[in-house]
Asks: 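Below is one structure. I have some questions about it.
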Amino acid sequence: MRTAFNPTLKNVPVVVLSNNDGCVIARSQEAKDLGVKMGDPWFKVAKSYEAQGVRRFSSNYVLYGDMSRRIHHVLERFSPRVEPYSIDEMFLDLKGLPGDLVAHCRDARATVKCETKIPTCVGIGDTKTKAKLANRLAKKRPQFNGVCDLRSADDCAALYPTILLSEVWGIGGASARKLQALGLETVADLAAINLQQARDVLTVTGARVVMELQGTSCLPLSLLAPQRKGLAVTRTFGAVVLTWDGMAEAISTYATRAAEKLRQHGLLATSMTVFIQTNRFVTGDYYGNAASFRIEPTQDTFSLIQDALRGTRSIWQPDRKYWKAGVMLNELIDATTAPAQMFPTKDPVLSAKVMATMDSLNQRFGRGCVRPAVAGTQKKWTARADFLSQRYTTRLNEIMEASA
DNA sequence: TCTGGGGTCCTAGGACCC
DNA sequence: TCTGGGGTCCTAGGACCC
């Protein structure tokens, strides 16, 4: 990426920093060679690395998103079925393509490099987990020259014993420690364990990883991006926040930004969480708390923020040094299909009755003024309606009877 | 000695990913 | 002075219902 935009950075150690230039989130090979670690807090290591010639850059996600789309378009020429997985990774379905797949992938790689100047590596496997593992080898081991194929059982038998199990997609630190405690070390060890044992130790997620390593696909390619389930705007403060006014201002900003994202995606949020925290790196006096509440589908940004602030005020402790806060919107629903999806009941008769009542009430008092909600775990319908300053909660059953 | 059983929903917390 | 931000999935256990 760096050399695509600034050729003078070729062979120069480069790091990219997170928001607020807090810590290292990407490094060039030269920076890795100098010992810069992923997640290093930059303020702690800047002096020594800058003395060694490391150049630092703030992150630019708009640019990365744009580059990602361009690469996606190039890859669509090599497979009609491309699933973008993250901003810098894509899965391609190669099933049914004629000819030598390795040659095909080398061609794709060369074309991406030629047209976007971005270097890439390709991993081929009969499951996503194997493709990810192959990609890792392609990146790390020069012998593969950027393309590694793990489809054949012979290649797996030869390579699995040479790879640590912590390299596997889905095996993080905690899982790796559990497996090591059982005496397992390599991918070969992991791929050979009993499925029930994998399930017992790592839950169903771990059993899936093992099956995928054995060549049974459990994670199908999904060409349509699934509906997202939540979104968040969170930040650490530049300087600790000591006053309620300062906190209120921060949360207002985050809530506004969250509402903007919501509209951009054509979504509505059903519930909202606000959290505030003191610095977790300062020992002895950590305090963190959160407030969650349901919000009306048609509520505007202003009342969204007001609710956020009311919710936060109740968890605010004035003697604390606040360091981080955030706003999260949950249970998102498509704005255009919202009314139907507001009814979580599985009972079609009740659902229809509820729907009709809601419709008539909404017609009378304005769209979205009434919605059903399942209160706690009680399977009782509750309608909550807000009319101007008047707020009341009533059993939906009573409303239904009244309007019948 | 006995105190129901089984299903469902919700939440918090852990773990993982990039 | 300064230690990221944004997601997903799974499980256990409590609460509730009939």
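In what follows, chains carry the letters A, B, and so on, assigned in the order in which the sequence lines appear, proteins first and then strands, with residues in each chain numbered from 1. The figures here come from the full heavy-atom set of this structure, side chains too, leaving out hydrogens, waters and symmetry mates.
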Asks: Rounding to a whole Å, what distance do you find between A:Arg177:CZ and B:dA15:P?
Replies: 8 Å
Asks: Closest to the A:Thr234 side chain: C:dG6, B:dC18, C:dG4?
Replies: C:dG6
Asks: From the list C:dG5, C:dG7, B:dC17, which nucleotide is the closest neighbour of the side chain of A:Leu231?
Replies: C:dG7
Asks: What nucleotide, of C:dG4, B:dC18, C:dT11, holds the atom closest to the side chain of A:Ile25?
Replies: C:dG4
Asks: Using OP1 and OP2 only, check whether a side-chain N or O of A:Arg228 sits under 4.0 Å from C:dG7.
Replies: yes
Asks: Output the rounded distance in Å from OH (A:Tyr254) to P (C:dG6).
Replies: 10 Å
Asks: Give the nucleotide from the list C:dC10, C:dG6, B:dC17 with an atom nearest to the side chain of A:Trp169.
Replies: B:dC17
Asks: What's the closest nucleotide to the A:Thr205 side chain, out of C:dC10, B:dA15, C:dC2?
Replies: C:dC10
Asks: Between atom CG in A:Leu133 and atom C1' in B:dC17, what is the gap in whole Å?
Replies: 16 Å
Asks: Where does DNA chain B pair, written as one dot-bracket string 5' to 3', with Watson-Crick or G-U pairs under 3.5 Å, ( ) inside the strand, [ ] for crossing pairs and | for another strand?
Replies: ....||||||||||||||
Asks: By a strict heavy-atom criterion of less than 4.0 Å, which residues belonging to residues 45-61 of chain A are in contact with DNA chain B?
Replies: none
Asks: Across the strands shown, which category fits A:Asp21 at heavy-atom distances under 4.0 angstrom: base, sugar-phosphate, nothing?
Replies: nothing
Asks: Of A:Gly22 and A:Gln227, whose closest DNA chain C nucleotide lies nearer the 5' terminus?
Replies: A:Gly22
Asks: Are OP1 or OP2 of B:dC17 and a side-chain N or O of A:Lys132 less than 4.0 angstrom apart?
Replies: no
Asks: Under 4.0 Å, counting only non-hydrogen atoms across every strand here, what does A:Gly326 touch: a base, just sugar-phosphate, or nothing?
Replies: nothing
Asks: Rounded to whole Å, please give me the gap between CE in A:Met38 and P in B:dC18.
Replies: 9 Å
Asks: Write out all pairs satisfying salt bridge (Lys or Arg N to Asp or Glu O under 4.0 Å) with one or both partners inside residues 225-253 of chain A, taking only residues at least two apart or from two chains.
Replies: none
Asks: Whole-Å distance between B:dC18 P and A:Glu83 CD?
Replies: 13 Å
